[in-house]
Amino acid sequence: MNKKHNLLEKVYQTNDLTKEEITDLLETITSEDREILYSNALKTKQTYYGNKVYLRGLIEFSNICRQDCLYCGIRASNAKVERYRLTPGEILACCDKGYELGYRTFVLQSGEDLWYTEELLGALIHEIKRRYYPEVAVTLSIGERRAETYQSLFASGADRFLMRHETASKKLYETLHPTMRFEDRRACLNALKEIGYQVGAGFMVGLPGQTLADLAEDLCYLKELHPDMIGIGPFIPHSETPLGAEKGGTIEDTLVMVALARLLIPDSLIPATTALGTLHPQGREMALKAGANVVMPIITPTSVRKQYALYENKICGDDHPEDCRYCIERRIQSVGFEVDLGRGDSQQFISWGTDTEFL
Ligand code: SAM
């Protein structure tokens, strides 16, 4: 067996590779190797999670953002976006609709919009948990706040928090985030974990200036952090941002990262991201066949969906929540998987709960 096949076998058998080994693999990977990687990642996913794909209802409740990330279509400096905020009542109406459609996790995502204070979010989370007690999990994806705020929102009932680390390269992070600090992002992720949230981290693939060693570092950082969820998507340029003329990430490179994430952190939940579905009509199905096991259909009201344009040509802009629900179900079934509408907690969280019962 040659060196590369040894690496493919090693990551499958041991769920471990060094940064140098990952970089080596990425430098020389062929289309045949990719197929081996996808198939091993799928087998690993089946071992940890079986044939099920978990659904989450995604509510994009505000596109107002105080940050200015160079890649993002809703960055503060983009004066061309029509901004919106959903009121708590409108967010609850989305949850009612989502609940009716069978979702048992609601992901509340927004730009970094401090109009939604700790008190307002706390009351909203409390009401969602009360309304659908005890079935529903609430996931937040609202960016950086004080650790005390994360603590208070956890106490109000929030279960999970998604915050991509975006890139594990400090240099690249600082270039892309003129209003943010690399250390702050990591401190937020550590605080969220410490508080007891199921945490989602993750990164973009194909960022301008990103090297294969940077991508290897992303995977090593995730292995060390051991989050419950890992979101990996291609960078897709938005014309009204400073990176509008750059090349985006490719479907192949992103799928390789999804498969390696599955092999290196086998008990994590990995979404087949909307960005993958935007790059290729079957992008999400391909991700499911490469080790992903979550899909997050959008339940944002159709009237504002197109305004949550992190990148251009985002799919489902004209769809209604019920269209997305059944379209996703058909797509999942078309590649041989089953929809699971339960809470879909991570294996790490489930085994942690079981262990502590005996403490
Ligand atoms: N503000 C929250 C935060 O920072 O975590 C959540 C919303 S943020 C817009 C959600 C994610 O969108 C980011 O973590 C980033 O990875 C992704 N994103 C933004 N612009 C993108 C682009 N042009 N292409 C692909 N993904 C993008």
Check your understanding: Are the charged groups of K289 and E285 less than 4.0 angstrom apart, N to O?
Key -> no
Check your understanding: Applying the 4.5 Å side-chain criterion to the ILVMFWY set and letting contacts propagate, would V339 and I299 be lumped into a single cluster?
Key -> yes
Review point. Between R56 and G344, is there a donor-acceptor pair closer than 3.5 Å when you use the side chain of the first and the backbone of the second?
Key: yes
Point to revise | Atom NZ of K171: over 12 foreign heavy atoms under 6.0 Å | key: no
Practice item. Can you see which heavy atom on A201 is nearest to which on L225, and at what distance? Key: CB-CD2, 3.8 Å
Check your understanding: Do the charged groups of R305 and D318 touch, with an N to O distance under 4.0 Å?
Key -> no
Review point. Charged N to carboxylate O below 4.0 Å: is that the case for E127 and R130?
Key: yes
Review point. Do you know which two heavy atoms are closest between Y38 and A259, and how far apart they sit?
Key: CD2-CB, 4.0 Å
Review point. Does any donor atom in the side chain of D113 or S110 lie under 3.5 Å from an acceptor atom in the other side chain?
Key: no
Revision key, fill the gap. The remaining residues in the hydrophobic cluster of F182, counting side-chain heavy-atom contacts under 4.5 Å among Ile, Leu, Val, Met, Phe, Trp and Tyr, are Y173, M180
Review point. Salt bridge (Lys or Arg N to Asp or Glu O under 4.0 Å) between E183 and R186: does it pass, once the steps are laid out?
Key: CA-CA 5 Å; E183 293 75 16; R186 293 203 164 193; over 6 Å; no
Review point. Who pairs with T87 by side-chain contact (heavy atoms from CB on, under 4.5 Å), at least two apart in sequence or on another chain?
Key: E90
Point to revise | Electrostatic pair E144-R185, nearest N-O below 4.0 angstrom | key: yes
Check your understanding: Can you check whether Y116 and F61 have ring centres sitting under 6.0 Å from each other?
Key -> yes
Point to revise | cation_pi(R104, Y132) dist<6.0 Å, angle<=45 | key: no
Practice item. Any chance you could lay out the side chain to side chain contact (heavy atoms under 4.5 Å, CB included) test for R284 and R331, step after step, and finish with the verdict? Key: CA-CA 8 Å; R284 287 171 295 179; R331 285 172 182 273; 3.6 Å; yes
Check your understanding: Between the side chains of T302 and H320, is a donor N or O closer than 3.5 angstrom to an acceptor N or O?
Key -> yes
Practice item. Answer yes or no: is there an ion pair linking D228 with R160, defined by an N-O contact shorter than 4.0 Å? Key: no
Review point. T211: what forms a side-chain contact (heavy atoms from CB on, under 4.5 Å) with it, not counting sequence neighbours?
Key: A213, D214
Point to revise | Distance-minimising heavy-atom pair for I59 and I91 | key: CD1-O, 4.2 Å
Check your understanding: So, E60 and K314, do they make that salt bridge, N to O below 4.0 Å?
Key -> yes
**Study point:** Residues V294, V53; criterion side chain to side chain contact (heavy atoms under 4.5 Å, CB included); working and verdict
**Key:** CA-CA 5 Å; V294 173; V53 175; 5.7 Å; no
Check your understanding: Does any N or O in the side chain of Y103 come within less than 3.5 Å of the main-chain N or O of L58, such that one atom is a donor and the other an acceptor?
Key -> no
Check your understanding: Are V256 and I36 connected in the hydrophobic side-chain network, where two residues link if heavy atoms are under 4.5 Å apart?
Key -> yes
Exercise for review: Mind listing the closest non-hydrogen atom pair of A147 and I195 along with its distance?
Suggested key: O-CD1, 3.8 Å
Review point. Out of curiosity, K19 NZ to T23 OG1, how far, rounded to the nearest 0.5 Å?
Key: 6.0 Å
Review point. Can you tell me if K129 uses its side chain to pair, donor with acceptor, with the backbone of V136 under 3.5 Å?
Key: yes
Check your understanding: Salt bridge or not for K10 and D16, using N-O below 4.0 Å?
Key -> no
Review point. What pair of heavy atoms forms the shortest contact from T44 to R262, and how long is it?
Key: CG2-O, 4.0 Å
**Study point:** Linked, directly or transitively: M296 and L101 (ILVMFWY side chains, under 4.5 Å)
**Key:** no
Review point. Does H226 reach the side chain of I265, with side-chain heavy atoms less than 4.5 Å apart?
Key: yes
Practice item. State yes or no: are the ring centers of H165 and Y221 separated by less than 6.0 Å? Key: yes
Review point. Shared ILVMFWY cluster between L255 and L37, side chains joined below 4.5 angstrom?
Key: yes
Exercise for review: Establish whether M204 and L26 are linked, either directly or via other cluster members, by ILVMFWY side-chain heavy-atom contacts under 4.5 Å.
Suggested key: no
Point to revise | Residues which pass side-chain contact (heavy atoms from CB on, under 4.5 Å) with D340, listed by chain and number, not counting sequence neighbours | key: K52, Y54
Point to revise | Gap between atom SG of C95 and atom CZ of R131 - 0.5 Å precision | key: 8.0 Å
Check your understanding: Can a salt bridge be assigned to the pair R325 and E322 using a cut-off of 4.0 Å between side-chain N and carboxylate O?
Key -> no
**Study point:** D159 versus A137, closest heavy-atom pair with distance
**Key:** OD2-CA, 3.3 Å
Point to revise | T167 and Q210 side chains, donor-acceptor separation under 3.5 Å | key: no
Practice item. Could you walk me through whether R34 and I29 pass the side chain to side chain contact (heavy atoms under 4.5 Å, CB included) test, one step at a time? Key: CA-CA 7 Å; R34 282 196 202 104; I29 199 159; 4.1 Å; yes
Review point. Once you round to the nearest 0.5 Å, how far does CG of L243 lie from CG of L176?
Key: 6.5 Å
**Study point:** Sub-4.5 Å side-chain heavy-atom contact between L189 and F161
**Key:** no
**Study point:** Worked verdict on I232 versus T273 for side chain to side chain contact (heavy atoms under 4.5 Å, CB included)
**Key:** CA-CA 7 Å; I232 301 175; T273 54; 5.9 Å; no
Check your understanding: Under 3.5 Å, side chain of K45 to main-chain N/O of G50, donor-acceptor pair present?
Key -> yes
Revision key, fill the gap. Which of M229, E194, K193 passes side chain to side chain contact (heavy atoms under 4.5 Å, CB included) with V199? Answer is K193
Review point. Counting only heavy atoms not in E82, do more than 12 sit closer than 6.0 Å to its CD atom?
Key: no
Exercise for review: Would you list the pairs meeting salt bridge (Lys or Arg N to Asp or Glu O under 4.0 Å) in which at least one residue belongs to residues 243-258, sequence neighbours left out?
Suggested key: none
Review point. Counting only N and O atoms by type, is there a donor-acceptor contact under 3.5 Å from the side chain of T47 to the main-chain atoms of K43?
Key: yes
**Study point:** A76 backbone acceptor or donor facing D68 side chain under 3.5 Å
**Key:** yes
Check your understanding: Can you tell me if Y48 uses its side chain to pair, donor with acceptor, with the backbone of Q347 under 3.5 Å?
Key -> no
Practice item. Can you spot which of E119, R146, E118 makes a side chain to side chain donor-acceptor pair (under 3.5 Å) with S152? Key: E118
**Study point:** Residue pair E312, S239: steps toward the side-chain hydrogen bond (donor to acceptor under 3.5 Å, both in side chains) verdict
**Key:** CA-CA 8 Å; E312 278 153 335; S239 61; 2.5 Å; yes
**Study point:** For R83, side-chain contact (heavy atoms from CB on, under 4.5 Å) partners two or more places apart
**Key:** N63, I64, I74, N78, V81
**Study point:** Spacing of I22 atom CD1 and E27 atom CD [to the nearest 0.5 Å]
**Key:** 12.0 Å
